[in-house]
Amino acid sequence: MDLTNRNFLISSNHRRIQRLWQFVFTGWGLVLIAALIAGSIITKNLSWIPISGISISDITQNQFKMTNPAFSGLDKDGNPFVIKADIARQEYDAPDFVFLDNIRAKISRIDKGRKITDNITAKTGKYNKVKKDITLVGNVRVDSSNGDKLLTDQLVIKL
């Protein structure tokens, strides 16, 4: 009988250790779940706290923003072009457009068997992905390698 009692005591000690581990792990599990819930509540509340340095309208309008983007390719006639800007952004309300600031472009073309390079600058622009054209607005300047110069407020380029 001593053997049975001894087994019972060892089993009893083992159960105590098992209960202790269950308490520790269950406690940590509850703490982790509580931390996750508290974190989501705090984060949600922080997004509604106005911060003077952040413009919420700028964040919602300009979700997709790139600095120093460059876009190159061939136009519909097969002539190469490169368009660079300081900032390019896409707005939720206008998914078919890419808005550009401080644009620089270089377009090469053949005219009467002669290669002509046009250097174009503009303050702002709007690239239409569906129509594949770009509308340049504000101090648009075109300087051609053949000596032609153009200064206008708006210019539309079909790509």
Side-chain angles (χ1 to χ4, degrees), residues 20-159:
L20 178 64
W21 279 109
Q22 285 175 348
F23 175 76
V24 169
F25 285 124
T26 305
W28 281 111
L30 291 175
V31 168
L32 180 62
I33 290 171
L36 290 173
I37 291 170
S40 66
I41 291 171
I42 290 170
T43 304
K44 188 174 183 181
N45 287 338
L46 284 178
S47 66
W48 293 104
I49 296 173
I51 299 173
S52 61
I54 297 175
S55 170
I56 299 298
S57 63
D58 187 46
I59 290 171
T60 57
Q61 289 178 354
N62 303 319
Q63 284 295 315
F64 307 106
K65 193 176 208 177
M66 292 189 305
T67 56
N68 298 320
F71 178 63
S72 62
L74 300 174
D75 65 7
K76 63 180 182 174
D77 297 328
N79 298 318
F81 67 88
V82 176
I83 299 172
K84 297 179 182 180
D86 288 345
I87 295 173
R89 67 188 182 285
Q90 191 170 16
E91 298 178 359
Y92 283 127
D93 299 339
D96 294 336
F97 296 100
V98 176
F99 299 94
L100 306 165
D101 294 330
N102 296 326
I103 302 164
R104 301 164 306 283
K106 189 177 205 178
I107 300 174
S108 299
R109 59 188 167 94
I110 305 289
D111 186 35
K112 297 179 184 173
R114 187 173 156 203
K115 181 180 176 182
I116 299 173
T117 302
D118 297 324
N119 291 312
I120 304 170
T121 58
K123 188 174 180 182
T124 62
K126 180 170 65 172
Y127 173 63
N128 187 335
K129 295 189 290 185
V130 175
K131 292 182 179 179
K132 297 199 186 299
D133 65 5
I134 184 168
T135 303
L136 303 176
V137 179
N139 296 329
V140 181
R141 182 181 196 93
V142 180
D143 293 320
S144 295
S145 61
N146 66 357
D148 293 340
K149 296 189 184 302
L150 175 68
L151 182 61
T152 184
D153 288 330
Q154 184 172 349
L155 178 69
V156 178
I157 301 172
K158 303 272 185 193
L159 298 176

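Quick note: numbers below take in every heavy atom, side chains included, and nothing from hydrogens, waters or symmetry partners.
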Nearest heavy-atom contact between A88 and P69 is CB-CG, 3.5 Å

Partners meeting salt bridge (charged side-chain N to carboxylate O under 4.0 Å, His left out) with D143 (sequence neighbours left out): R141, K149

Salt bridge (Lys or Arg N to Asp or Glu O under 4.0 Å) partners of residues 118-132, not counting sequence neighbours, each pair once: R109-D118

Between the side chain of T124 and the main-chain N/O of V137, is any donor-acceptor distance below 3.5 Å? yes

Which value, rounded to the nearest 0.5 Å, describes the distance between T121 atom OG1 and N139 atom CG? 8.0 Å

Closest approach of S145 and K115, non-hydrogen atoms and distance? OG-O, 4.2 Å

Roughly how far, to the nearest 0.5 Å, is CG of N128 from OG1 of T135? 7.5 Å

Nearest atoms (heavy-atom pairs only) where I107 meets F81: CG1-CB, 3.9 Å

Paired with T117, the side chain to side chain contact (heavy atoms under 4.5 Å, CB included) test is passed by just one of P80, S108, S144, namely S108

Pair up each side-chain donor or acceptor in residues 95-104 with any protein partner under 3.5 Å, not counting sequence neighbours, and list the distances.
{"residue": "D101", "atom": "OD2", "partner": "R89", "partner atom": "NH1", "Å": "3.2"}
{"residue": "N102", "atom": "ND2", "partner": "D86", "partner atom": "OD2", "Å": "3.0"}
{"residue": "R104", "atom": "NH1", "partner": "D86", "partner atom": "OD1", "Å": "3.2"}
{"residue": "R104", "atom": "NH1", "partner": "N102", "partner atom": "O", "Å": "3.0"}

Walk me through whether D148 and I116 qualify under side-chain contact (heavy atoms from CB on, under 4.5 Å). CA-CA 10 Å; D148 293 340; I116 299 173; over 6 Å; no

